[in-house]
Protein chains: 2
Amino acid sequence: MAVNAGETEQYLGIAEVAERTGLTQNTLRWYEREGMFPRVLRGTDRRRRYTERQVGLLRLLTRLRRTGMPTREMRRFSELLADGATTHGQRLELLTAHRERILARQAELRADLEALDDKVAHYHWLIEQGLDCSGAPINAETDTDNGGQ
Amino acid sequence: MAVNAGETEQYLGIAEVAERTGLTQNTLRWYEREGMFPRVLRGTDRRRRYTERQVGLLRLLTRLRRTGMPTREMRRFSELLADGATTHGQRLELLTAHRERILARQAELRADLEALDDKVAHYHWLIEQGLDCSGAPINAETDTDNGGQ
DNA sequence: GTTTGTCTTCGCGTGCACTCCAATTCCTAA
DNA sequence: TTAGGAATTGGAGTGCACGCGAAGACAAAC
């Protein structure tokens, strides 16, 4: 430990950032190499020194990725960041477009969950009817179930 | 067309099933080959003949996959189907476990969407303050933004 | 009876998002 | 001064879920 022993203490080493963001060290390096994250400042020992602000950005990126944003869009976002305050509009555009995808995904999930619930209810019903526990009655072909609707 | 010309008409060709399930023909064949779907009956010409019931099952499998079920679990489910009515309990178990995952995913999505909304609001505010459109004022370093709370 | 078109099987190829590795560098502790 | 341990780099490998193309079979159309 004590990555920031001889320095300002306000900078974070990669190990701590990994722990705080849930990303692995490998992923952090890979994001940076591939341009998904702006270049991180290095100390005199060539090691990465993250700021609190950058950890915040990583948390945002984690959420974007987890909600299905492809890496090339994260890259695009990172480029816009590097271009400074003149790109706020474009960043907003990118984020709102992604927001729409999340909403669509939520609707899809809801519908899929509902269908699954119907199926679960159906199985509960079947079991209550005694159609389980190796007392297989009537027909026992390959497609004995997956009922109607 | 006319896959079921010389036969009972109640069977469906792979093309129609692909269209009705949203899966490609490749995926349908692959599911079957890899055991994610029970063996499909063949006609005299060796081609697949699906039943309406199987289309229903495919729709369920599509929902399971779309909601993140790994293929080995779909395989497991398919095996249970082949074992007939004695496995209703195990199928129910598998489906309810997956249901829990969907609920967790929904909660995660909600939280991520909320964070994104905060971010979007932040950018709206920034732009209203005039911090856009190449009139970059104050500081224009690499990390000029992504503010904490 | 040849063409056209759709299907078959088998197996290699692809895209994405990491993940791991080897060789090296640097700081700290003994 | 030496050893240990954590971090660095570039590049190769992995797992998942398909995608795709070749070679051949068969039915209906011409």
Side-chain angles (χ1 to χ4, degrees), chain A residues 1-9 11-37 39-50 54 58 61-78 98 101, chain B residues 1-9 11-37 39-50 54 58 61-78 98 101:
Chain A
M1 303 79 201
V3 170
N4 30 20
E7 285 209 338
T8 21
E9 187 69 49
Y11 291 107
L12 303 159
I14 194 170
E16 189 163 358
V17 172
E19 190 176 356
R20 288 173 57 174
T21 60
L23 299 168
T24 69
Q25 298 189 13
N26 278 328
T27 301
L28 286 171
R29 297 193 191 100
W30 180 68
Y31 275 13
E32 189 180 340
R33 260 197 344 243
E34 301 293 315
M36 267 89 77
F37 192 81
R39 179 83 183 164
V40 176
L41 187 75
R42 309 301 155 110
T44 55
D45 54 0
R46 299 179 54 208
R47 295 185 191 184
R48 289 171 177 79
R49 298 303 166 94
Y50 291 85
Q54 286 180 313
L58 278 168
L61 288 176
T62 300
R63 290 183 187 277
L64 293 177
R65 188 221 52 180
R66 193 163 55 202
T67 50
M69 178 178 284
T71 53
R72 68 179 164 292
E73 244 171 83
M74 290 169 59
R75 210 182 321 263
R76 169 83 177 130
F77 188 73
S78 177
H98 185 62
R101 285 203 297 242
Chain B
M1 323 71 182
V3 169
N4 28 20
E7 286 209 340
T8 23
E9 186 69 51
Y11 290 108
L12 303 159
I14 196 171
E16 189 163 358
V17 171
E19 190 177 354
R20 287 173 58 177
T21 60
L23 298 168
T24 69
Q25 298 189 13
N26 277 328
T27 302
L28 286 171
R29 296 195 191 100
W30 181 68
Y31 275 13
E32 191 180 340
R33 264 206 329 257
E34 301 292 315
M36 269 89 78
F37 192 78
R39 179 81 181 166
V40 177
L41 187 74
R42 308 302 154 109
T44 57
D45 53 0
R46 299 180 54 205
R47 296 185 189 182
R48 290 170 177 81
R49 298 303 165 93
Y50 292 85
Q54 286 180 313
L58 278 168
L61 289 176
T62 301
R63 290 184 188 277
L64 294 178
R65 188 222 51 179
R66 193 163 56 204
T67 51
M69 178 179 283
T71 54
R72 67 179 163 289
E73 246 172 81
M74 291 169 58
R75 211 182 322 264
R76 170 84 178 128
F77 188 73
S78 176
H98 186 61
R101 285 204 297 242

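Every chain is numbered from 1, with letters handed out A, B, ... down the list of sequences. These numbers were taken from a predicted model, which means no experiment stands behind them.
Contact check for R47(A) versus I14(A): no side-chain heavy atoms found under the 4.5 Å cut-off. Taking the side chain as every heavy atom from C-beta outward, F77(A) and L61(A) approach each other to under 4.5 Å. Put simply, the side chain of R20(B) reaches to within 4.5 Å of the side chain of L12(B), judged on heavy atoms.
Atom CD of E19(A) has 12 or fewer heavy atoms from other residues, nucleotides or ligands within 6.0 Å. By the 6.0 Å contact criterion, CZ on R66(B) is enclosed, its count of non-hydrogen atoms from other residues, nucleotides or ligands being greater than 12.
One atom, CZ of F37(A), and another, P of dA17(C), lie 18 Å apart when rounded to the nearest Å. Straight-line distance from the CG atom of D45(B) to the C1' atom of dA28(D): 12 Å, rounded to whole Å. Per the geometry, CG belonging to L61(B) stands 11 Å off P belonging to dC18(D), to the nearest Å. Rounded to an integer number of Å, the gap from CZ of R49(B) to P of dC26(D) is 13 Å. For the pair Y11(B) OH and dT6(C) P, the interatomic distance rounds to 24 Å; values are reported in whole Å. Atom CD of E34(B) is separated from atom C1' of dA17(D) by 10 Å (rounded to the nearest Å).
Taken residue by residue, residues 22-32 of chain B places heavy atoms nearer than 4.0 Å to DNA chain D at T24(B), N26(B), T27(B), W30(B), Y31(B). The stretch residues 64-77 of chain B touches DNA chain D through R65(B), P70(B), T71(B), R72(B), each having a heavy atom within less than 4.0 Å of the strand.
Remark: side-chain polar atoms of R33(B) are not paired, donor with acceptor, to backbone N or O of Y31(B) under 3.5 angstrom. Between the side chain of T62(B) and the backbone N or O of L58(B) there is at least one donor-acceptor pair closer than 3.5 Å. When atom types are taken as modelled, the side chain of R42(B) and the backbone of V40(B) share a donor-acceptor pair closer than 3.5 angstrom.
Contact annotation for R33(B): base contact, defined as any heavy-atom pair under 4.0 Å involving a base atom.
Contact check, R48(A) against dT9(D): a side-chain N or O comes under 4.0 Å of OP1 or OP2.
For E73(A), the side chain to side chain donor-acceptor pair (under 3.5 Å) test picks out R101(A), with sequence neighbours left out.
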